[in-house]
Trainee: 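So that we are looking at the same thing, I have put the structure below in structure tokens.
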Amino acid sequence: MEAKILSPSKKTSGRLLKRAFFRGPVEHVAPRLLGKILVRRTEEGELLGGRIVELEAYLGPHNKTADPAAHSHRGPTPRNQVLFGPPGHAYVYSIYGLYYCMNITCEKTGQAGSVLLRALEPLMGLEQMARNRGLVGPPPFSQKARKGWGRGGGANKSACRLTSGPGRLCQALGLTRAAHNGLDLLDPDSPLQVWDDGVRIPRVLVTRRIGIRHATELPLRFAIPAHPCVSGAKSLTG
DNA sequence: AGGCCGATCCTCT
DNA sequence: GAGGATCGGCCTA
């Protein structure tokens with residue numbers, strides 16, 4: 001069951017999203033972010049990025065439904081203060097002392113809803129992303145995977161290993177708390193942006209969230225059905 | 001001041 | 001399917 005490839009065959013481009021896009025209830029914003037493109041411009045001017053194919057919503061403390069899994073659940077702290085700022089910004093935090101994860105702030109300032117990016121379909125800068133992930137060099141990955149890279153048009157399963165998972169995608173793009181936490185994703189001059197290239201997602205898979213201990217029953221994970229780059233459970237009961 | 005633990009990933013059985 | 005790596009933030013004393 002090979003999934004449909006959503007990548008454009010031409011050179012990837014797109015428009016910056018508007019602030020208002022992120023201002024609504026996070027459970028409404030999250031599924032609409034599927035298909036949008038996360039892009040980092042490196043210091044050397046290279047573009048690294050991919051299409052968002054899986055994400056999770058986390059509810060702010062203002063919400064009627066309590067979400068003890070959210071970092072904002074206990075209110076503002078030095079670590080999570082970006083979550084309580086304006087929408088459309090990057091919240092990057094370290095986890096397990098080894099990896100980073102990235103959220104996009106949503107809703108109005110102070111409400112602290114956010115979206116965790118869980119998987120991208122690699123589109124830009126695949127060679128560099130592989131280096132960032134430490135996947136170049138020893139087989140089995142490099143030899144096989146390199147064939148599918150180079151051009152913009154392929155979400156083969158090997159390439160997905162670059163950005164399939166919240167820690168993996170941050171490592172691939174080279175995202176860190178020190179360099180990227182708090183950046184405005186909608187600023188034309190920002191080194192980290194979200195683009196819309198017009199791709200529409202016809203159907204959205206909704207499941208429980210992955211890897212959390214609290215509020216595990218909430219249906220707040222959203223993914224493109226059967227996309228090869230989606231991580232983890234493929235159904236609500238999985 | 002100290003302890004606990006996580007929105008993870010990788011390797012090995 | 002299980003366990004280890006590894007550390008900053010937050011809670012308790």
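No hydrogens, no waters, no symmetry mates; every other heavy atom, side chains included, goes into these values. Quick caveat: nothing in here was measured; it's all calculated off a predicted structure. Per chain, numbering begins at 1; letters A, B, ... match sequence-line order.
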Trainee: Taking it one step at a time, do Asn132(A) and Leu173(A) satisfy side chain to side chain contact (heavy atoms under 4.5 Å, CB included)?
Mentor: CA-CA 7 Å; Asn132(A) 290 346; Leu173(A) 297 207; over 6 Å; no
Trainee: Would a 4.5 Å heavy-atom cut-off, applied to side chains only, mark Lys18(A) and Leu186(A) as touching?
Mentor: no
Trainee: Would you kindly compare Pro166(A) and His214(A) by the position of their nearest DNA chain B nucleotide and give the one closer to the 5′ end?
Mentor: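 First, find each residue's nearest nucleotide; the 5'-ward one identifies His214(A).
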Trainee: Classify Arg118(A) by what it touches in the nucleic acid, base, sugar-phosphate, or nothing, heavy-atom distance under 4.0 Å.
Mentor: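 Sugar-phosphate, no base atom in range.
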Trainee: Return one dot-bracket line describing DNA chain B 5' to 3' (Watson-Crick or G-U wobble pairs, both distances under 3.5 Å; ( ) same strand, [ ] crossing, | another strand, . none).
Mentor: ||||||.|||||.
Trainee: Rounded to whole Å, please give me the gap between CG in Asn80(A) and P in dC11(C).
Mentor: 10 Å
Trainee: Between Asp197(A) and Arg51(A), does any NZ, NE, NH1 or NH2 come within less than 4.0 Å of an OD or OE carboxylate oxygen?
Mentor: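 So Arg51(A) pairs with Asp197(A) through a salt bridge.
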Trainee: On DNA chain B, compare the nucleotides closest to Arg168(A) and Ala69(A); which residue's is nearer the 5' end?
Mentor: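 This one resolves to Ala69(A).
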Trainee: Roughly how many Å is it from CG in Leu135(A) to P in dC9(B), rounded to a whole number?
Mentor: 12 Å
Trainee: Rounded off to whole Å, could you give me the NE2-to-P distance for the His73(A) and dG6(B) pair?
Mentor: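 Those two atoms, NE2 and P, are 15 Å apart.
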Trainee: Mind checking the C1' distance from dC5(B) to dG3(C)? Whole angstroms is fine.
Mentor: 16 Å
Trainee: Send over the distance from Arg74(A) CZ to dG6(B) C1', rounded to a whole Å.
Mentor: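 After rounding, the gap between these two atoms is 12 Å.
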Trainee: With a 4.0 Å cut-off on N to O distance, would you call Asp187(A) and Arg19(A) a salt bridge?
Mentor: no
Trainee: For DNA chain B, determine which residues of residues 95-107 of chain A have any heavy atom closer than 4.0 angstrom to one of its atoms, and list them numerically.
Mentor: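 Close to the strand are Ile95(A), Tyr96(A), Tyr99(A), Cys101(A), Asn103(A).
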Trainee: Please determine, by modelled atom types, if His71(A) and Tyr91(A) share a side-chain donor-acceptor pair under 3.5 angstrom.
Mentor: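 Result is yes, a qualifying pair exists.
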Trainee: Rounded to the Å, how far apart are Gln171(A) CD and dC9(B) P?
Mentor: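 After rounding, the gap between these two atoms is 9 Å.
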Trainee: For Arg79(A) and dC11(C), what is the distance between atoms CZ and C1' respectively, to the nearest whole Å?
Mentor: 13 Å
Trainee: Would you say a side-chain N or O of Ser94(A) is under 4.0 Å from OP1 or OP2 of dC7(C)?
Mentor: no
Trainee: Provide, to the nearest angstrom, the distance between the NE2 atom belonging to His71(A) and the P atom belonging to dC5(B).
Mentor: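 After rounding, the reported distance stands at 16 Å.
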Trainee: Quick check: do Ile104(A) and Ser114(A) have side-chain heavy atoms less than 4.5 Å from each other?
Mentor: no
Trainee: Does Arg209(A) make a cation-pi contact with Tyr58(A) (under 6.0 Å, within 45 degrees of the axis)?
Mentor: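 Yes; both conditions hold, so Arg209(A) lies above the ring face of Tyr58(A).
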Trainee: Starting at atom CZ of Arg209(A), determine the distance to atom P of dT8(B), rounded to an integer number of angstrom.
Mentor: 12 Å
Trainee: Between Glu54(A) and His227(A), do the side chains contain a donor N or O and an acceptor N or O under 3.5 Å apart?
Mentor: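 Side chains of His227(A) and Glu54(A): no pair found under 3.5 Å.
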Trainee: Determine, for cysteines Cys101(A) and Cys170(A), whether their SG atoms are under 2.5 angstrom apart.
Mentor: no
Trainee: Any side-chain N or O of Arg213(A) below 4.0 angstrom from OP1/OP2 of dA7(B)?
Mentor: no
Trainee: May I ask you to evaluate whether Arg133(A) reaches the phosphate of dC10(B), defined as a side-chain N or O under 4.0 Å from OP1 or OP2?
Mentor: yes
Trainee: Would Gln171(A) and Arg168(A) count as having a side-chain donor-acceptor pair, cut-off 3.5 Å?
Mentor: no
Trainee: Reckon Arg177(A) has a side-chain N or O less than 4.0 Å from the OP1 or OP2 of dG8(C)?
Mentor: no
